[in-house]
Amino acid sequence: MNILGKSRYHEVYARSLADPEGFWAEAAREIDWIEPAKKIFDSTQGAYGRWFTGAVVNTCYNALDRHVETGRADQLALIHDSPLTNTITKFTYAELLREVQTLAAIMTDFGVTKGDRVILYMPMVPEAVVAMLACARIGVVHSVVFGGFAAKELATRIDDARPKLIFSASCGIEPGRVVQYKPLLDEAIRLASARPDACIILQRPQAECDLTPRRDYDWASLRKKALLAGKLAPCVPVLATDPLYILYTSGTTGVPKGVVRDNGGHLVAVKWSMFNLYGVNPGEVWWCGSDIGWVVGHSYIVYGPLFHGATSVMYEGKPVGTPDAGAFWRVISEHKAVAFFTAPTAFRAIKKEDPEGKFIRQYDLSRFRTLFLAGERADPPTVEWAEAQLEVPVIDHWWQTETGWCIAGNPMGLGMLPVKHGSPTVPMPGYQVDVVDESAKPVPANTMGSIVIRLPMPPGCLPTLWQQEDRFRDAYLTEFPGYYKTSDAGFKDDDGYVFVMGRTDDIINVAGHRLSTGGMEEILASHPDVAECAVLGVNDAIKGEVPCGFLVLKAGVTRAPVEIEKEIVALVRERLGPVAAFKLAITVARLPKTRSGKILRGTMKKIADGEPWSMPATIEDPKVLEEIGAALKDRV
Ligand code: COA
Ligand code: AMP
């Protein structure tokens with residue numbers, strides 16, 4: 001079968017591997033550098049080498065100033081569409097630049113300078129984008145914490161990043177409820193041992209909050225004063241290898257990993273992807289329906305579209321219920337988006353409400369060219385439904401917080417390759433993706449194994465974890481020497497298509513959100529009545545997976561299990577946050593274990609999912625699995 005078609009992909013990909021420096025030097029011409037790189041790739045620096053060493057650049061300049069200087073001043077840069085507040089707010093490139101220059105000047109007045117860290121704990125409001133770009137403008141390292149995480153998670157990040165300043169808001173808005181952010185922020189600062197110098201708080205009319213004297217400042221007043229005084233901060237030159245941001249992601253324990261993104265590699269790779277992968281042209285409207293708290297939001301709500309001179313849509317709403325399952329089509333049609341990026345879970349939610357796609361046909365989607373899916377495996381039935389309803393290519397692509405951009409995808413700008421349902425298609429330039437066995441030997445096509453990326457990683461990927469170089473090497477580089485370990489398992493077929501089937505660690509994917517079951521187990525185990533526990537991801541028709549916790553109570557506990565289960569559910573919500581969607585805790589007498597004491601999570605999951613399972617040969621007591629089956633009855 002000739003799967004090549006007319007795509008330039010194979011030629012481009014081959015060149016990226018044969019001459020990586022030539023390839024990325026050419027891609028780097030799309031970026032405005034203050035000083036060019038001394039070396040395109042320096043293999044002597046960092047854990048596996050560094051890209052664009054010696055180059056001097058400013059990320060914000062490339063996102064805003066240069067477009068204003070070259071004719072895009074009056075083009076829309078950002079459209080904020082919020083069905084949750086019934087508002088649509090638009091910023092041209094010139095307007096967004098002015099906001100960013102002003103906020104950067106305010107930050108400078110607070111004594112924040114290059115290399116300092118600033119945390120954002122914010123809902124999906126345009127001010128969050130302004131704050132990220134203002135940090136980039138003055139060389140400050142931002143760390144955005146997703147609003148659905150609890151105070152304790154925020155506290156962990158405050159202690160790790162040690163921010164001088166925190167940006168937050170009085171509230172976020174979820175359907176049917178206003179989420180008060182300020183008590184969560186106050187609690188996080190109380191729990192953390194590091195203290196920010198100040199917090200800048202955006203008062204939202206849906207629920208204003210009290211400001212803590214001598215620590216909290218009202219965002220709007222600061223902005224007004226700075227605008228009146230005409231304060232505008234210039235761009236601060238930084239090294240390409242300096243960090244642009246830290247983004248915390250779930251590790252295999254409760255302690256999150258601070259993924260570091262550098263300025264230069266990120267600029268080059270993300271800019272390259274906008275046309276070559278997503279097929280979007282400068283001046284067009286692009287919509288990424290993620291949250292700025294996730295990597296997808298960083299790369300494709302904020303940075304990618306702006307580096308490219310496109311218009312980015314930022315959406316504060318849900319796929320269903322705000323107000324209905326036509327919300328996505330309304331946004332695409334109203335803002336004339338040519339491409340849209342979301343998670344398969346959102347489509348499953350829409351399909352459930354509107355299986356016949358009636359809402360879709362109420363909107364003019366004539367400009368819409370491509371739907372991109374990522375964040376979790378795009379299950380073939382969902383992809384087929386979306387293809388049939390939308391009549392545009394539906395493109396799955398696979399990546400991670402660590403990589404910052406796509407590892408395997410279908411490059412629309414280079415020419416679309418045939419889609420195979422269940423596969424995110426082929427490796428992107430610079431990624432040599434192998435599937436290996438335990439001894440790091442590549443396995444034959446169509447054989448499952450660990451998916452790894454041959455070092456060096458392409459530009460844009462993480463150079464390290466924030467102040468944890470050893471953890472970086474241990475977690476990613478040690479197990480398969482010469483490779484980066486993705487912790488995903490899967491296979492490549494005869495055509496080189498990658499199939500990503502699941503994680504090899506304890507990470508589960510809940511509605512496209514990455515969560516550690518190990519982290520949840522730590523919370524369950526902290527309950528005074530719990531002797532032992534296990535958390536696993538069980539199948540869910542909408543969210544893909546949801547966590548399910550099994551508890552063994554301490555001997556002598558006489559309280560009703562149902563009460564303890566309720567407390568456990570509340571505890572996870574309080575410590576980890578609502579995003580965990582932890583709603584199921586089940587008390588059992590014992591956990592199934594091997595004779596060496598390992599909990600048989602895999603078999604428990606199969607039982608919970610109603611899949612065929614066989615009795616593990618090493619099981620200590622086969623009867624325990626029957627007990628698990630009985631406990632699960634009527635619960636999942
Ligand atoms: N602040 C506070 N709480 C938040 C939050 C935020 N920013 N985001 C989510 N939550 C809360 C929700 O209100 C919900 O709380 P509840 O338990 O009281 O209902 C909980 O966290 C889980 O949220 P969510 O995962 O959004 O589930 P949902 O049931 O509200 O909606 C979907 C389900 C499928 C519609 C939704 O998950 C979705 O749109 N997913 C797409 C995600 C996406 O695009 N990801 C991109 C990654 S590539
Ligand atoms: P995150 O770092 O939160 O973006 O999550 C990354 C993880 O999500 C990956 O390691 C995969 O397990 C999963 N993932 C993301 N996109 C896909 C995809 N297109 N197909 C399969 N798994 C995916």
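Both ligands and their constituent atoms are indexed starting at 1 by order of listing. FYI, side chains are in, hydrogens and waters are out, and symmetry mates aren't considered; it's all heavy atoms of this structure.
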### Message
Assess the residue pair R514 and E402 against the criterion (salt bridge (charged side-chain N to carboxylate O under 4.0 Å, His left out)); give the C-alpha distance rounded to whole Å, side-chain angles, the decisive distance to 0.1 Å, and a yes or no.
### Response
CA-CA 12 Å; R514 170 173 161 180; E402 288 85 344; 2.9 Å; yes
### Message
What verdict does the side chain to side chain contact (heavy atoms under 4.5 Å, CB included) test give for F582 and I523, after you've listed the backbone C-alpha separation in whole Å, the side-chain angles of each residue and the deciding distance to 0.1 Å?
### Response
CA-CA 12 Å; F582 184 95; I523 298 173; over 6 Å; no
### Message
With salt bridge (charged side-chain N to carboxylate O under 4.0 Å, His left out) as the criterion, how do E316 and R204 come out once you've worked through the C-alpha distance, each side chain's angles and the decisive distance to 0.1 Å?
### Response
CA-CA 14 Å; E316 189 184 32; R204 300 189 79 189; 3.0 Å; yes
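Considering each of K318, K352, M122, R177, the one bringing a non-hydrogen atom nearest atom 23 (O) of ligand 1 is K318. Looking at K543, E316, R573, R348 and measuring to atom 33 (C) of ligand 1, the nearest heavy atom belongs to K543.
Atom 41 (C) of ligand 1 has T345 CG2, 3.6 Å as its closest protein atom, hydrogens excluded (heavy atom only). Here the heavy atom of the protein found nearest to atom 36 (C) of ligand 1 is A511 CB, 4.6 Å. Here the protein heavy atom with the shortest distance to atom 22 (C) of ligand 1 is P578 O, 3.6 Å. Regarding atom 4 (C) of ligand 1, its nearest protein heavy-atom neighbour is E174 CD, 3.6 Å. Counting protein heavy atoms only, atom 18 (C) of ligand 2 is closest to E376 O, 3.2 Å.
Contact atoms of ligand 2 toward N509: 8 (O), 13 (C) (distance under 4.0 Å to a heavy atom of the residue). Close approach to D396 involves these atoms of ligand 2, each under 4.0 Å from a residue heavy atom: 18 (C), 19 (N). Against a heavy-atom cut-off of under 4.0 Å, T401 is close to the following atoms of ligand 2: 1 (P), 2 (O), 3 (O), 4 (O).
Shown are W287, Y363, F341; of these, the ring-ring contact (aromatic ring centres under 6.0 Å, His included) with F328 is made only by W287.
Residue contacts with ligand 1 do not include A581, since none of its heavy atoms lies under 4.0 Å from the ligand. For W294, the closest heavy-atom approach to ligand 2 does not fall below 4.0 Å. Distances from ligand 1 to the non-hydrogen atoms of G289 include at least one value under 4.0 Å. Ligand 1 has at least one atom lying under 4.0 Å from a heavy atom of Y181. The shortest separation from a heavy atom of G172 to ligand 1 is not under 4.0 Å, leaving the residue out of contact.
Geometrically, R157 engages F149 in a cation-pi contact, judged by NZ or CZ lying under 6.0 Å from the ring centre and within 45° of the ring axis.
For the pair V500 and P424, the tightest heavy-atom approach, listed with the atom from each and the gap, is CG2-CG, 4.1 Å.
Contacts between R503 and ligand 2, counted as non-hydrogen atom pairs separated by less than 4.0 Å, involve the side chain only.
Checking only distances, G375 does come within under 3.5 Å of ligand 2, N or O to N or O. Of the N or O atoms in E402, none lie within a sub-3.5 Å distance of an N or O in ligand 2. Residue H397 places at least one N or O, backbone or side chain, under 3.5 Å from an N or O of ligand 2.
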